[in-house]
Chemist: 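Have a look at this one before I ask anything.
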Amino acid sequence: MPSLPPSMLPHQPGSGPNAELRMLRNLLMAGCVAVLVNALLELSHGRLSPWDRWAYPLITVVFACGAALLHWRPRWERLVRRVTVVTLNVYLGAALYLVLLAQQGPPDLYQLVSNLYWLPLTYGCAFIFLSRRDALIVSACMYVTLFGGIFWLLQHGVIDPGPVPLGVILSNVAIAQLIYVVLLLAISNLRLDYLRTRERAEWMQQIAASDPLTGLANRRALNERLVGSMALLERHGQPLSLLMLDIDDFKQINDEHGHASGDAVLVELAGLMSEQLRVSDQLGRWGGEEFLVLAASTPLEAALELAERIRSATQAYRFSHGRPVTVSIGVAQAVSGERPEQLVARADVALYEAKRLGRNQVRLHRMDAQPGPHADTR
Ligand SMILES: Nc1nc2c(ncn2[C@@H]2O[C@H](COP(=O)(O)OP(=O)(O)OP(=O)(O)O)[C@@H](O)[C@H]2O)c(=O)[nH]1
């Protein structure tokens with residue numbers, strides 16, 4: 001298997017697609033709502049702690065600003081990700097310590113429980129907002145700071161456990177949270193595998209559809225596009241013209257200047273032709289020194305003008321091997337009920353006619369003209 005392109009790196013925050021930015025924005029807005037609802041609930045039940053009176057509005061502002069920045073200033077994404085994680089982790093960590101230490105005697109049970117069940121959010125948030133490596137570092141720091149510190153304080157009698165078996169509860173929480181981190185790591189690995197596989201599939205699809213020398217669509221891709229364009233013609237009556245272009249005396253260029261110069265001519269001509277086309281047109285390499293243009297929404301007369309423009313631009317262009325190059329072009333307009341290969345064959349007939357009449361010219365193939373290989377072109 002060929003080596004993967006440089007873009008096939010582990011997903012990094014900051015390089016995510018728009019969909020991911022949207023998801024982060026929505027999460028931050030959902031976070032604002034959750035904090036406000038929680039604040040209202042606690043306020044109505046007289047359970048709002050003194051520090052949460054300050055912390056809740058602050059967190060809401062940070063999340064809201066983060067969402068706004070992701071929307072209006074997406075290049076600040078990295079900062080938003082980090083500030084979100086730091087805000088949440090510092091708040092939940094500090095709140096737990098405050099519950100355990102702020103008052104004399106055993107901690108307030110409601111405050112303790114409500115803080116403990118929000119704790120897993122710290123790890124989840126880290127794995128969503130940071131790269132896998134950073135999330136692991138943050139989770140490990142958080143884990144050690146929380147449980148290492150609290151167990152030490154418990155053991156040294158700084159925290160009064162009261163009648164509640166605080167040590168057992170916290171041990172359970174510590175084990176459960178270790179499992180959360182392992183699960184999040186597994187999910188993150190799966191996501192990474194998925195992203196890599198998707199990128200590899202897109203890359204292979206691109207390779208399968210493009211010509212390696214010129215980077216243009218290859219014959220397979222052209223065929224697919226042709227079938228699609230002819231379906232549009234059938235359904236909506238959109239005119240479609242096809243230009244088949246062949247470099248004149250290309251063998252001679254190869255023989256006199258070498259195969260590398262011949263390749264350079266193909267690449268230069270591909271660039272030159274691309275400049276002449278509209279975005280809706282499809283240019284591709286049909287094979288050898290033959291190119292095809294699918295000119296969408298283009299009737300025969302307009303296609304003739306386009307072909308003539310390409311022909312004269314080629315003649316005027318100074319190719320790198322130093323000799324003039326000319327092209328012959330056959331043009332045909334698709335008609336309803338026609339098969340793609342019939343359209344290609346008609347453009348080929350017109351091209352053959354252009355070659356026969358002396359090269360460096362454009363010939364048309366008309367369906368309504370007399371049958372026969374030459375009589376129906378002009
Ligand atoms: N350098 C290079 N040459 C190619 C490539 N593909 C095909 N060719 C050469 O293109 C030449 C085509 O020669 P012919 O079919 O005789 O056509 P021609 O010399 O252009 O003559 P006319 O088409 O009649 O004007 C052959 O020598 C092929 O080897 C390619 O990718 N690179």
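Everything quoted here is computed from the prediction, not taken from an experiment. Note that ligands are numbered from 1 as they come in the structure, with each ligand's atoms numbered from 1 the same way.
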Chemist: Can you name the atoms of ligand 1, numbered from 1 with element, that are less than 4.0 Å from a heavy atom of L266?
Modeler: 30 (C), 31 (O), 32 (N)
Chemist: Give the atoms of ligand 1, by number and element, whose distance to some non-hydrogen atom of R359 is under 4.0 Å.
Modeler: 22 (P), 24 (O), 25 (O)
Chemist: In terms of side-chain geometry, is the basic nitrogen of R22 or E77 positioned less than 4.0 Å from the acidic oxygen of its partner?
Modeler: no
Chemist: Give, for atom CG of D249 and atom CG of N360, the distance between the pair rounded to the nearest 0.5 Å.
Modeler: 10.5 Å
Chemist: So which of T214, L245, V325 actually passes side-chain contact (heavy atoms from CB on, under 4.5 Å) with L269?
Modeler: L245
Chemist: Only pairs under 3.5 Å count here: list side-chain donor-acceptor contacts from residues 220-233, not counting sequence neighbours, and write none if there are none.
Modeler:
unit_1, atom_1, unit_2, atom_2, d
R220, NE, A208, O, 3.4
N223, ND2, R219, O, 3.4
R225, NH1, Q282, OE1, 2.5
R225, NH2, S280, O, 3.2
S229, OG, R225, O, 2.9

Chemist: If the plane angle is over 60° it's perpendicular, under 30° parallel, otherwise tilted; pick one for Y123 and Y143.
Modeler: tilted
Chemist: Specify the protein heavy atom at minimum distance from atom 7 (C) of ligand 1: its residue, its atom name, and the distance to 0.1 Å.
Modeler: G288 CA, 3.6 Å
Chemist: Would you mind checking if E20 and R191 are paired as a salt bridge, meaning a charged N to carboxylate O distance below 4.0 Å?
Modeler: yes
Chemist: For ligand 1, does I247 get within less than 4.0 Å through its side chain, its backbone, both, or neither, judged by non-hydrogen atoms?
Modeler: backbone
Chemist: Look at atom 22 (P) of ligand 1 and say which protein heavy atom is nearest, naming residue and atom and giving the distance to 0.1 Å.
Modeler: K355 NZ, 3.4 Å
Chemist: Looking at G262, which atoms of ligand 1 are within less than 4.0 Å of one of its heavy atoms?
Modeler: 1 (N)
Chemist: For atom 31 (O) of ligand 1, what's the nearest protein heavy-atom neighbour? Residue, atom name and distance, please.
Modeler: R285 NH2, 2.6 Å
Chemist: Any carboxylate oxygen within less than 4.0 angstrom of a Lys/Arg side-chain nitrogen, looking at E199 and R196?
Modeler: no
Chemist: Looking at D263, which atoms of ligand 1 are within less than 4.0 Å of one of its heavy atoms?
Modeler: 1 (N), 2 (C), 30 (C), 31 (O), 32 (N)
Chemist: To check your reading of the model: name the closest protein heavy atom to atom 19 (O) of ligand 1, its residue, and the distance in Å.
Modeler: K251 N, 2.8 Å
Chemist: What protein heavy atom lies closest to atom 15 (O) of ligand 1? Include the residue and the distance to one decimal.
Modeler: E289 OE2, 3.7 Å
Chemist: Please write down residue, atom name and distance for the protein heavy atom closest to atom 10 (O) of ligand 1.
Modeler: F250 CD2, 3.1 Å
Chemist: Tell me which one of V349, I329, V344 satisfies side-chain contact (heavy atoms from CB on, under 4.5 Å) with M244.
Modeler: V344
Chemist: Heavy-atom pairs closer than 4.0 Å: do any link ligand 1 to the side chain of N254, the backbone, both, or neither?
Modeler: side chain
Chemist: OG/S139 to CZ/R132 distance, rounded to the nearest 0.5 angstrom?
Modeler: 12.5 Å
Chemist: Got an N/O contact under 3.5 Å between D248 and ligand 1?
Modeler: no
